[in-house]
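Just below is one structure, and these are the notes that go with it.
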Amino acid sequence: MQEIGKTEIWLRKHCPVYNSATKHPFILSIRDGTVESHSFKTWLAQDYLFVREFVPFVASVLIKACKESDVSDDVEVILGGIASLNDELSWFKKEAKKWDIQLSEVVPQKENKDYCRLLGGLMSSDVGYTVALTAFWAIEVVYQESFASCVEEGSKTPVELKETCERWGNEGFGQYCQSLQKMVDRRLLKASDEEVKKAEVVFLSIVEHEVEFWNMSSGN
Ligand SMILES: Cc1ncc(CNC=O)c(N)n1
C-alpha cells in the first residue's frame with residue numbers, strides 16, 4: 001500500500017481554507033455563469049502582472065533544483081513549467097486585446113503586490129529548495145483545482161470564458177500539478193522537522209494569498 005504523503009495530510013488538515021481558495025465566490029460565479037465582465041477583466045489584468053512576477057520566482061526554484069544532486073527529474077518538470085509560462089504570457093496579451101484591456105496601463109492592486117512580495121521573499125537563497133518547491137506546487141494546484149471545477153460536467157461557464165478555464169483546468173495541467181506534488185512529497189520525506197514545518201507555513205500562506213487574489217477580482 002502506498003503511504004499517504006505530507007501534502008495530502010495538509011490538504012485534509014487545512015481543508016476549510018483550501019476550499020475557500022478553490023471554491024471562491026469568484027470561481028463559483030464563473031462556474032454558474034453569473035460572473036460580471038468587469039470582475040473577470042480585473043482578474044485578467046491583475047493576473048497578467050502576477051504571472052510576470054511569477055516567472056522569476058519559478059526560475060529561482062529551477063536554480064535551487066539544479067543545485068541539488070538528487071533531483072534531475074525535478075529540473076525537467078520545472079523547466080516545462082517555465083516553457084508554458086512563455087506561452088501563457090502571449091495568451092494573456094491576446095486575451096487582453098479581446099477584452100479591450102490596455103495591459104501597459106494596469107496598476108497592481110494591494111493584494112497583488114502583497115502576493116508578489118511573498119514570492120520575492122521566497123526567491124531568497126536563504127529559502128531552501130523544499131520550501132520553495134512547496135510554494136510553487138501550492139500556487140499551481142489552487143488554479144488547477146479552481147478552474148477544473150469550471151470545465152467539469154454540469155458547469156455553466158460562459159462560452160467566452162471556457163478557454164481561460166481550460167488553460168488551468170485541462171488534464172495536462174492536472175498531471176503537471178500531480179508531478180509537482182509528488183516532488184514535494186519526496187523532498188518532505190527527507191526533510192528535517194523544522195523544514196517540514198516551514199513548508200507547511202508557506203503552503204498555508206500561499207493559499208491565503210490566493211483567497212485574497214480572488215477577493216480582489218470579485219470585489220471590484
Ligand atoms: C494568482 C495566481 N496564482 C496561480 C496562477 C497559476 N500559475 C501560473 O499561471 C496564476 N496565474 N495566478
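We count ligands from 1, going down the list as the structure has it; atoms in each ligand are counted the same way.
- The protein non-hydrogen atom at the shortest distance from atom 9 (O) of ligand 1 is Glu88 OE2, 2.4 Å.
- Of all protein heavy atoms, the one closest to atom 11 (N) of ligand 1 is Asp47 OD2, 2.9 Å.
- One side chain, Glu200 or His14, offers a donor N or O that lies under 3.5 Å from an acceptor on the other.
- Near Val51, the atoms of ligand 1 lying under 4.0 angstrom from a non-hydrogen atom of the residue are 9 (O), 11 (N).
- Contact atoms of ligand 1 toward Glu210: 1 (C), 2 (C), 3 (N), 4 (C) (distance under 4.0 Å to a heavy atom of the residue).
- Distances below 4.0 Å separate heavy atoms of Ile139 from the following atoms of ligand 1: 3 (N), 4 (C).
- Residues Tyr115 and Glu210 have side chains that bring a donor and an acceptor to within less than 3.5 angstrom of each other.
- Formation of a donor-acceptor pair under 3.5 Å by the Thr130 side chain with backbone atoms of Arg187 is not found in this model.
- The shortest heavy-atom contact between Met123 and Ser60 is CG-OG, 3.5 Å.
- Checked by distance only, ligand 1 and Tyr115 stay at 3.5 Å or farther apart across all their nitrogen or oxygen atoms.
- Counting the atoms of ligand 1 from 1 in the order shown, those under 4.0 Å from a heavy atom of Phe54 are 7 (N), 8 (C).
- The backbone N or O of Ile101 lies less than 3.5 Å from no partner atom in the side chain of Lys41, so there is not a single donor-acceptor pair.
- The aromatic rings of Trp91 and Trp168 sit perpendicular, their planes meeting at an angle over 60°, well past the 30° parallel limit.
- Annotation for ligand 1: atoms under 4.0 Å from non-hydrogen atoms of Glu140 are 6 (C), 7 (N), 8 (C).
- Ring geometry, Trp214 versus Phe147: the interplanar angle exceeds 60°, so the pair is classed perpendicular (tilted spans 30 to 60°).
- Here the heavy atom of the protein found nearest to atom 10 (C) of ligand 1 is Tyr143 CE2, 3.2 Å.
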